[in-house]
Amino acid sequence: MSTPALQPARGTHDLIGDEFRRHQQVIDAARHIASLYGFEEWATPVFEDTRVFSRSLGDTSDVVTKEMYTFTDRGGESVTLRPENTAGVCRALVSNGLTQSNLPRKVFYAGPMFRYERPQKGRYRQFHQIGIEVLGAAEPLADAEVIACGWHIQQELGISEGTVLEVNTLGDRPSREAYRAALVEYFTAHKDRLSEDSRMRLEKNPLRILDSKDRNDQALMAGAPTIHQYLTPEAAAFYDGLRRHLDAFKVPYRENPRIVRGLDYYNHTAFEFVTDRLGAQGTVMGGGRYDGLVEQMGGPNTPSVGWAAGVERLSLLLEAAGLTPAAPRAVAVIPVGEAAEAAAISLLQLLRGAGLVAEMAYRGNLKRRMERANRIKAAAALILGDDELAKGVVVVRNLDDGTQAEVPLDGVIAALAETEVDGAMEATLAAQMEGELEAMMEAEDEAPPPPRKRR
RNA sequence: GCGGCCUUAGCUCAGGUGGUAGAGCGCCAGGUUGUGGUCUUGGAUGUCACGGGUUCGAGUCCCGUAGGUCGCCCCA
């Protein structure tokens with residue numbers, strides 16, 4: 001090594017091995033559950049015209065003012081790597097002329113997002129989000145279903161323990177303006193006791209004081225007015241509807257009048273799934289209602305609701321819960337001598353054709369190939385040499401218990417199924433059982449299924 | 001953007017008060033030229049993150065930079 005090794009760019013990370021499998025597990029589970037709720041998957045561009053974000057996220061939010069990867073391309077256009085995907089989905093709805101029919105539209109997405117932030121565990125500059133959006137539904141039932149879907153995904157992953165759902169309402173515009181005025185009045189009266197940060201927030205975004213982590217601020221909050229006293233009858237009815245439907249979905253929640261949303265486009269419902277297991281990155285899934293966003297993209301009034309979740313954070317929870325998916329175990333085909341190689345390749349393809357993970361080393365004697373089979377944690381070794389070739393058999397060795405037997409070439413698949421080696425065949429059996437389990441659970445009237453164990 | 005802590009072999013980490021590097025695991029080879037995982041013998045590891053400074057001498061002390069990490073801000 002004479003040249004210095006290159007590091008990944010700050011705040012980026014490679015997904016390899018266990019980490020990749022956890023990441024994929026999160027996305028697979030979310031995609032599957034979302035599809036059960038009737039969501040279709042969209043993929044929108046990773047970069048957009050900068051105005052897609054500057055128009056939607058609000059000029060004051062930190063995301064827009066200092067965290068966006070914005071640059072001018074060779075044609076002189078200002079483009080931005082998406083810091084989140086809700087704006088892009090709304091823009092796509094409008095650009096594709098989907099605002100006039102087939103509403104509501106239910107969209108699932110998964111992909112990388114980019115924010116120029118100080119990296120920490122569970123927080124990266126290129127990170128990944130999954131999310132769902134219901135576009136064109138004004139009913140609180142939509143909000144409740146969106147939340148139920150998110151909860152269901154966490155249950156499916158087996159990571160719902162230690163996580164609580166906190167809900168709040170931000171009201172409609174009149175509610176929020178009245179509340180905002182009342183808050184400013186209250187905190188201005190106690191300005192001398194506010195933290196320095198919160199005094200800034202009092203000017204910029206007084207609602208944000210509500211989720212300050214400062215001790216003194218929190219003490220002061222005990223006496224602060226809550227939004228509930230300022231809700232219009234319509235906003236109060238909406239919030240009642242949300243809670244009623246959450247009960248019907250049997251999703252447990254806690255009301256937290258201090259939940260606010262970071263981005264400016266939210267109204268009515270605001271919620272977060274918060275865990276106590278990830279330090280300062282406690283929010284694992286967050287979302288709410290954004291009735292005005294599609295209009296800001298140049299479309300008609302299209303009330304909508306959705307959430308986004310950080311794949312890295314969900315993946316950390318999987319790891320902490322000991323639910324890292326195991327790599328599939330292969331069957332190692334081992335030819336002995338050059339004459340057996342062609343027959344071994346035929347066997348290799350036969351196994352793959354039957355849906356088994358099969359591997360054959362590119363070189364090496366029997367000992368080497370056995371070592372390699374062991375290293376890749378193969379479940380079984382199939383040894384094929386001149387002796388076997390002459391007899392029309394293959395040696396099937398179970399690498400877990402060391403037993404082996406000669407099996408006729410055409411009976412290999414059946415023999416592997418019978419030996420009940422971990423992984424390989426067991427995986428297909430497990431998949432079948434899982435299908436039956438799901439059918440059973442659908443028959444039950446309890447909506448949230450119990451958390452599933454490692455598969 | 002602000003503050004604390006950290007950075008020594010592929011990995012996890014030792015290296016009082018400055019005297020030019022070590023363990024375990026892993027890796028490679030042999031004991032076993034058609035049998036791995038166990039056992040055993042031997043072997044190779046390294047610009048001590050990077051750049052400066054102090055010193056006869058720096059992994060060790062000082063300054064700067066980069067990366068990681070924890071917290072704040074913000075957010076998923």
Interatomic spacing from CG in A:D214 to OG in A:S198 - rounded to 0.5 Å: 6.5 Å
Between [Y] and [X], is the closest basic N to carboxylate O distance under 4.0 Å?
| X | Y | answer |
| --- | --- | --- |
| A:K121 | A:E312 | no |
| A:E41 | A:R31 | yes |
| A:D192 | A:R199 | no |

What distance, rounded to whole Å, do you find between the two [atom1] atoms, one in [N] and one in [M]?
| N | M | atom1 | value |
| --- | --- | --- | --- |
| B:rU54 | B:rC62 | C1' | 7 Å |
| B:rU8 | B:rG15 | P | 14 Å |
| B:rU47 | B:rG24 | C1' | 25 Å |
| B:rC25 | B:rG37 | P | 15 Å |
| B:rG19 | B:rU12 | C1' | 28 Å |
| B:rG18 | B:rG59 | C1' | 10 Å |

In whole Å, I'd like the distance from the [atom1] atom of [X] to the [atom2] atom of [N].
| X | N | atom1 | atom2 | answer |
| --- | --- | --- | --- | --- |
| A:D214 | B:rC74 | CG | C1' | 16 Å |
| A:I147 | B:rA76 | CD1 | C1' | 16 Å |
| A:R115 | B:rG1 | CZ | P | 17 Å |
| A:K121 | B:rC70 | NZ | P | 6 Å |
| A:D217 | B:rC73 | CG | P | 9 Å |
| A:K213 | B:rC73 | NZ | C1' | 9 Å |
| A:E196 | B:rG3 | CD | P | 14 Å |
| A:R125 | B:rA66 | CZ | P | 11 Å |

Proximity of A:F249 and A:H245 rings by center, below 6.0 Å: no
Contact class for [X] (heavy atom, under 4.0 Å): base, sugar-phosphate, or nothing?
| X | result |
| --- | --- |
| A:E117 | base |
| A:G364 | nothing |
| A:R123 | base |
| A:G122 | base |

Stem segments of RNA chain B by first residue number [Watson-Crick or G-U, under 3.5 Å, at least 3]: B:1-7 with B:66-72, B:10-13 with B:22-25, B:27-31 with B:39-43, B:49-53 with B:61-65
Aromatic plane relationship, A:H128 with A:H23 - under 30° parallel, 30 to 60° tilted, over 60° perpendicular: perpendicular
For A:L409, the option from A:L382, A:L350, A:L347 that meets side chain to side chain contact (heavy atoms under 4.5 Å, CB included): A:L347
By ring pair (Phe, Tyr, Trp, His ring centres under 6.0 Å) - contacts of A:F47 (at least two apart): none
Given RNA chain B, 5'-ward residue of the pair A:S212 and A:A309, judged by closest heavy atom: A:S212
A:T283 vs A:Q120, nearer the 5' end of RNA chain B by closest nucleotide: A:Q120
Would you say a side-chain N or O of [X] is under 4.0 Å from OP1 or OP2 of [N]?
| X | N | result |
| --- | --- | --- |
| A:R118 | B:rG68 | no |
| A:K66 | B:rG1 | no |
| A:R313 | B:rA76 | no |

Donor + acceptor pair across side chains of A:Y239, A:E255 (<3.5 Å): yes
Sugar-phosphate or base contact per nucleotide [nucleotides 28-36 of chain B; S, B, -; heavy atom under 4.0 Å]: -S----BBB
Cation-pi, A:F53 ring and A:R82 (6.0 angstrom, 45 degrees): no
Heavy atoms from other residues, nucleotides or ligands near CZ of A:R352 exceed 12 (cutoff 6.0 Å): yes
Residue A:P119, side-chain atoms from C-beta onward, closest of B:rG68, B:rA76, B:rC73: B:rG68
